[in-house]
Amino acid sequence: MEQQQHHHEDLIKGITEQLKPIMEKSAQAIFVYLDDTHKACNKKYADLLGYKSAKEWVETDAPLGDVVEKDQPKVISAYEKAMQTMAASSLNVTARHIKTGELIKTRLILVPIAHN
């Protein structure tokens with residue numbers, strides 16, 4: 001189990017390094033998700049949801065907790081479909097700002113990526 005944990009950490013580090021120019025320069029909020037423990041986001045994503053930093057979002061135990069409960073199954077299903085078909089998918093999602101509780105309506109685009 002520890003070996004897999006280390007492998008996942010290396011994957012997230014490698015992917016975020018590979019995508020660094022996009023993560024830093026994109027006008028869009030972006031997150032990279034392998035599993036609840038192994039994830040990353042850009043500052044725009046963290047700011048959108050009210051986190052102090054991307055690191056603070058990464059340290060959350062339940063990243064889907066930002067998505068309103070009724071939309072969570074749709075996000076999981078779209079993620080699974082994107083991974084199984086290796087094709088992008090998108091859906092409308094409502095998230096909640098962690099500090100103000102404000103509802104944030106957005107379009108989530110899930111794109112499978114390869115690393116090495």
Side-chain angles (χ1 to χ4, degrees):
M1 181 76 164
E2 188 174 317
Q3 186 176 14
Q4 182 179 10
Q5 181 86 351
H6 182 68
H7 175 68
H8 286 180
E9 289 170 8
D10 288 346
L11 275 173
I12 286 297
K13 286 178 186 174
I15 291 167
T16 54
E17 186 61 33
Q18 177 180 314
L19 297 175
K20 188 175 182 175
I22 296 167
M23 298 286 279
E24 290 179 354
K25 295 178 182 175
S26 178
Q28 294 179 311
I30 300 171
F31 68 92
V32 176
Y33 179 88
L34 183 59
D35 58 41
D36 287 351
T37 306
H38 304 96
K39 57 194 178 287
C41 73
N42 65 359
K43 180 154 177 31
K44 287 182 182 8
Y45 188 79
D47 289 346
L48 175 73
L49 296 174
Y51 291 93
K52 294 176 192 165
S53 66
K55 184 177 187 245
E56 184 182 20
W57 179 80
V58 167
E59 292 173 350
T60 62
D61 291 331
L64 267 184
D66 299 319
V67 176
V68 296
E69 195 171 331
K70 74 174 184 65
D71 286 353
Q72 291 177 10
K74 294 190 310 186
V75 173
I76 293 167
S77 178
Y79 173 79
E80 290 172 346
K81 182 180 177 186
M83 295 293 92
Q84 290 169 355
T85 63
M86 299 312 273
S89 65
S90 64
L91 65 153
N92 291 321
V93 172
T94 302
R96 187 177 308 277
H97 191 279
I98 64 162
K99 293 179 182 155
T100 66
E102 172 189 2
L103 295 180
I104 305 160
K105 294 182 185 269
T106 188
R107 185 95 180 138
L108 176 63
I109 303 169
L110 295 133
V111 180
I113 58 174
H115 177 67
N116 291 341

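Every value quoted in this text rests on a predicted model; they were computed, and no experiment measured them.
Judged purely by atom type and a 3.5 angstrom limit, S77 has no side-chain atom pairing as donor or acceptor with the backbone of P73. No donor-acceptor pair under 3.5 Å is formed between the side chain of S26 and the backbone N or O of M23. One N or O on the side chain of N42 and one on the backbone of Q28 form a donor-acceptor pair closer than 3.5 Å.
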| task | Evaluate the side-chain contact (heavy atoms from CB on, under 4.5 Å) criterion for residues I30 and K44: first the C-alpha distance (whole Å), next the side-chain angles of each, then the deciding distance (0.1 Å), finally the verdict. | result | CA-CA 7 Å; I30 300 171; K44 287 182 182 8; over 6 Å; no
| request: Test side-chain contact (heavy atoms from CB on, under 4.5 Å) on L19 and I113 and set out the steps. | output: CA-CA 10 Å; L19 297 175; I113 58 174; 3.9 Å; yes
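Here the CG atom belonging to L64 is positioned 11.0 Å from the CD atom belonging to E69, to the nearest 0.5 angstrom. Here OG of S89 is found 12.0 Å from NZ of K74. Values are rounded to the nearest 0.5 Å. A distance of 9.5 Å separates OG1 of T16 from CD of Q18, quoted to the nearest 0.5 Å. To the nearest 0.5 Å, the span separating NZ on K39 from CG on L34 amounts to 10.5 Å. Taken from CG in L48 to OG1 in T106, the straight-line distance is 6.5 Å, to the nearest 0.5 Å. Atoms CD and OG1, on E9 and T37 in that order, are 9.0 Å from each other to the nearest 0.5 Å.
The shortest distance between side-chain heavy atoms of W57 and I98 does not fall below 4.5 Å.
Among all heavy-atom pairs drawn from T94 and D71, the shortest one is N-OD2, 2.8 Å. A pairwise comparison of heavy atoms in A87 and P112 identifies N-CG, 3.7 Å as the closest pair. In plain terms, the two heavy atoms of V58 and A40 that are nearest each other are CG2-CA, 3.8 Å.
By the criterion of side-chain heavy atoms lying less than 4.5 angstrom apart, applied directly or through intervening Ile, Leu, Val, Met, Phe, Trp or Tyr residues, Y45 is not grouped with I15; the two fall into different hydrophobic clusters. A continuous path of ILVMFWY side-chain contacts below 4.5 Å connects L110 to I76, so both sit in one hydrophobic cluster. Cluster membership for L108 and M83, using ILVMFWY side-chain heavy atoms within less than 4.5 angstrom, is shared. There is no path of hydrophobic side-chain contacts, each under 4.5 Å, that joins I109 to V93.
By the 6.0 Å contact criterion, NZ on K81 is open, its count of non-hydrogen atoms from other residues, nucleotides or ligands being 12 or less.
Residue pairs satisfying the salt bridge (Lys or Arg N to Asp or Glu O under 4.0 Å) criterion with at least one member in residues 53-67, sequence neighbours excluded, are listed as follows: K55-E59. The list of salt bridge (Lys or Arg N to Asp or Glu O under 4.0 Å) pairs with a residue in residues 92-103, not counting sequence neighbours, is empty.
When hydrophobic residues (I, L, V, M, F, W, Y) are linked wherever their side-chain heavy atoms come within less than 4.5 Å, the members clustered with L103 are V68.
Using cut-offs of 30° and 60° for the angle between ring planes, the Y79 and Y33 rings count as perpendicular.
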